[in-house]
2 protein chains.
Amino acid sequence: MGTTQPETVPEPKYWHLKTVIGEALDSEFAVGEILPNERELAARFGVARATLRQALDQLELEGRLQRRRGVGTTVAPPRVGVDVSTSPNDWPGAGGDAWQAADCTLAVPPAAVARALDTEGDETVHIVRRLLVTHGRPVAAELLYVPAPSVPDLSAIDAPAGATRARAVLRELRRLTLDGQDRAVELGSARADDARELDRLPGAPVLVVTTRYFSGGRTAAASVATYRADTCRLTFGDAGDLEIRQPSRRRAC
Amino acid sequence: MGTTQPETVPEPKYWHLKTVIGEALDSEFAVGEILPNERELAARFGVARATLRQALDQLELEGRLQRRRGVGTTVAPPRVGVDVSTSPNDWPGAGGDAWQAADCTLAVPPAAVARALDTEGDETVHIVRRLLVTHGRPVAAELLYVPAPSVPDLSAIDAPAGATRARAVLRELRRLTLDGQDRAVELGSARADDARELDRLPGAPVLVVTTRYFSGGRTAAASVATYRADTCRLTFGDAGDLEIRQPSRRRAC
DNA sequence: GAGTGGTCTAGACCACCCT
DNA sequence: GGGTGGTCTAGACCACTCC
């Protein structure tokens with residue numbers, strides 16, 4: 001007798017599981033609904049818990065699940081679009097951006113940042129920490145590196161550190177004319193401090209957006225912003241409603 | 001006696017391992033160099049192979065390692081910058097873009113794409129498949145969806161399918177005036193077909209760039225491009241040399 | 001055939017959240 | 001205290017590459 005499937009390469013179990021569960025999410029679950037726990041799901045599908053977790057890991061990476069230790073696994077809402085397109089002549093903190101300045105310190109930046117800033121390796125810069133919160137959830141943490149020469153009149157300013165000083169640095173920065181900017185997006189994993197602020201575990205996947213700000217032929221500032229890759233989608237130019245994903249799902253009740 | 005560390009939360013082993021190996025990569029290995037195999041590394045660090053793999057998984061996610069089944073684990077070169085910033089009035093395939101048109105079919109698009117195109121659910125569209133190769137390596141695969149009304153004069157064209165027809169669709173598309181475009185970037189995992197073209201395993205992390213092209217008040221086309229997240233970095237506006245990463249490493253000999 | 005990374009198992013213990 | 005997800009182990013077998 002002939003074989004119906006000539007040369008089958010067996011599909012990994014976790015991959016098949018991911019497909020099955022993914023389809024179930026679309027048809028049988030509403031956003032926010034809680035799934036059976038991992039031990040039960042594993043038993044139900046007849047696999048080891050580690051294998052089931054491999055499937056859930058993927059679904060979480062795709063932003064379709066949300067897992068919280070001690071609580072459970074829930075169906076994630078669609079990713080929220082975060083507009084990262086700036087008019088090429090906007091400094092950070094200009095106009096109505098939703099970032100919250102959190103802190104400001106003076107320190108030597110990592111070597112890679114120093115290189116981007118064209119500063120010497122041991123030169124201290126202002127480091128402004130900001131947080132982006134939308135819909136009540138933290139979605140991004142940013143470090144903005146500002147060499148002292150970019151904000152020459154800062155010395156007389158009020159606060160020595162903290163949010164007040166952070167806002168002062170941003171305000172001083174806006175006095176420069178911005179000639180242009182540069183941007184790159186890549187995948188990374190959350191460092192411990194970012195993870196804490198983003199309410200995730202260290203190592204969680206993040207989208208890292210690095211930006212250089214040019215003024216007067218120099219790199220006047222640079223920023224490294226880490227966005228939660230599970231819950232958000234970076235949009236450029238008003239693509240906030242763009243949503244290419246699985247079939248539309250039922251809303252939470 | 002007092003405890004020197006008041007309330008220590010033990011750092012996971014794999015996290016510590018990742019740090020240790022990451023530092024070793026910077027100081028003791030050159031790009032392209034092959035690491036000891038996983039069983040030996042696990043033994044050397046006194047952990048189970050699964051734990052070691054968790055650390056390597058992270059380093060691979062960050063683009064610092066490259067693993068190939070049957071071959072071994074090598075130190076990855078720095079991510080290659082791929083410029084995805086388009087002049088707002090450029091159609092895909094215009095001017096000197098490096099994409100290779102591979103194929104063209106006529107099919108009903110996924111529901112989410114149909115929604116983005118404002119077409120009815122059962123309407124067939126041209127689907128152009130393209131591949132982006134830089135430095136001899138495939139870095140991205142794209143599906144471009146073009147509703148038939150966007151390329152009205154296509155019917156008389158030569159080839160019924162294949163690369164020739166793909167180029168014909170792109171050529172016809174360029175006859176429209178492009179009013180603007182939209183863009184979003186998010187994290188995804190490679191589908192089986194994309195994975196094959198990108199020389200990765202299914203489920204590998206990818207950066208998904210979705211673009212809508214507007215013309216004459218309509219969405220004239222939409223594309224979904226998947227970029228290898230391990231090997232590339234999306235750049236906007238000439239940030240090709242921007243590289244915020246770990247300390248610079250030695251080059252391959 | 002030997003060696004590599006990829007998948008899978010069946011357990012164990014831990015950190016965290018809720019009640 | 002009971003339940004959840006997160007970490008870890010010590011194995012096993014498989015798919016792939018290269019010699």
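Below, read A as the first sequence line, B as the second, and so on, with proteins coming before strands; counting in each chain starts at 1.
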(Q) Looking at dT7(D), I'd like to know if its phosphate oxygens (OP1 or OP2) sit under 4.0 Å from a side-chain N or O belonging to Thr51(B). (A) no
Q) What integer distance in Å separates Gln54(A):CD from dT9(C):C1'? A) 12 Å
Q | Electrostatic pair Asp194(A):Arg200(A) at N-O distance under 4.0 angstrom | A | no
**Q.** All side-chain hydrogen bond (donor to acceptor under 3.5 Å, both in side chains) counterparts of Arg53(B), not counting sequence neighbours
**A.** Glu38(B)
Q) So Tyr227(A) and Trp99(A), would you call those rings parallel, tilted or perpendicular, with 30° and 60° as cut-offs? A) perpendicular
Q: Would you indicate, yes or no, if dC8(D) has its OP1 or OP2 atom less than 4.0 angstrom from a side-chain nitrogen or oxygen of Tyr14(B)?
A: no
Q | Asp193(B): salt bridge (Lys or Arg N to Asp or Glu O under 4.0 Å) partners, not counting sequence neighbours | A | Arg191(B)
**Q.** Between C1' of dC8(D) and NE2 of His16(B), the distance in whole Å
**A.** 16 Å
Can you check nucleotides 2-5 of chain D for protein contacts, nitrogen or oxygen pairs under 3.5 Å, and list what you find?
{"from": "dG3(D)", "atom 1": "N2", "to": "Gly70(A)", "atom 2": "O", "distance (Å)": "3.2"}
{"from": "dT4(D)", "atom 1": "OP1", "to": "Asn37(A)", "atom 2": "ND2", "distance (Å)": "2.7"}
{"from": "dT4(D)", "atom 1": "OP2", "to": "Asn37(A)", "atom 2": "ND2", "distance (Å)": "3.0"}
{"from": "dT4(D)", "atom 1": "O2", "to": "Gly70(A)", "atom 2": "N", "distance (Å)": "3.0"}
{"from": "dG5(D)", "atom 1": "OP1", "to": "Thr73(A)", "atom 2": "N", "distance (Å)": "3.4"}
{"from": "dG5(D)", "atom 1": "OP1", "to": "Thr73(A)", "atom 2": "OG1", "distance (Å)": "3.0"}
{"from": "dG5(D)", "atom 1": "OP2", "to": "Glu38(A)", "atom 2": "N", "distance (Å)": "2.9"}
{"from": "dG5(D)", "atom 1": "N7", "to": "Arg39(A)", "atom 2": "NH1", "distance (Å)": "3.1"}
{"from": "dG5(D)", "atom 1": "O6", "to": "Arg39(A)", "atom 2": "NH2", "distance (Å)": "3.0"}

**Q.** Nearest-angstrom distance from the residue atom CD1 of Ile34(B) to C1' of dG3(C)
**A.** 10 Å
Q. Salt bridge or not for Glu60(A) and Arg67(A), using N-O below 4.0 Å?
A. yes
Q: Would you mind telling me which residue lines up with the more 5' stretch of DNA chain D, Glu60(A) or Ala48(B), judged by nearest nucleotide?
A: Glu60(A)
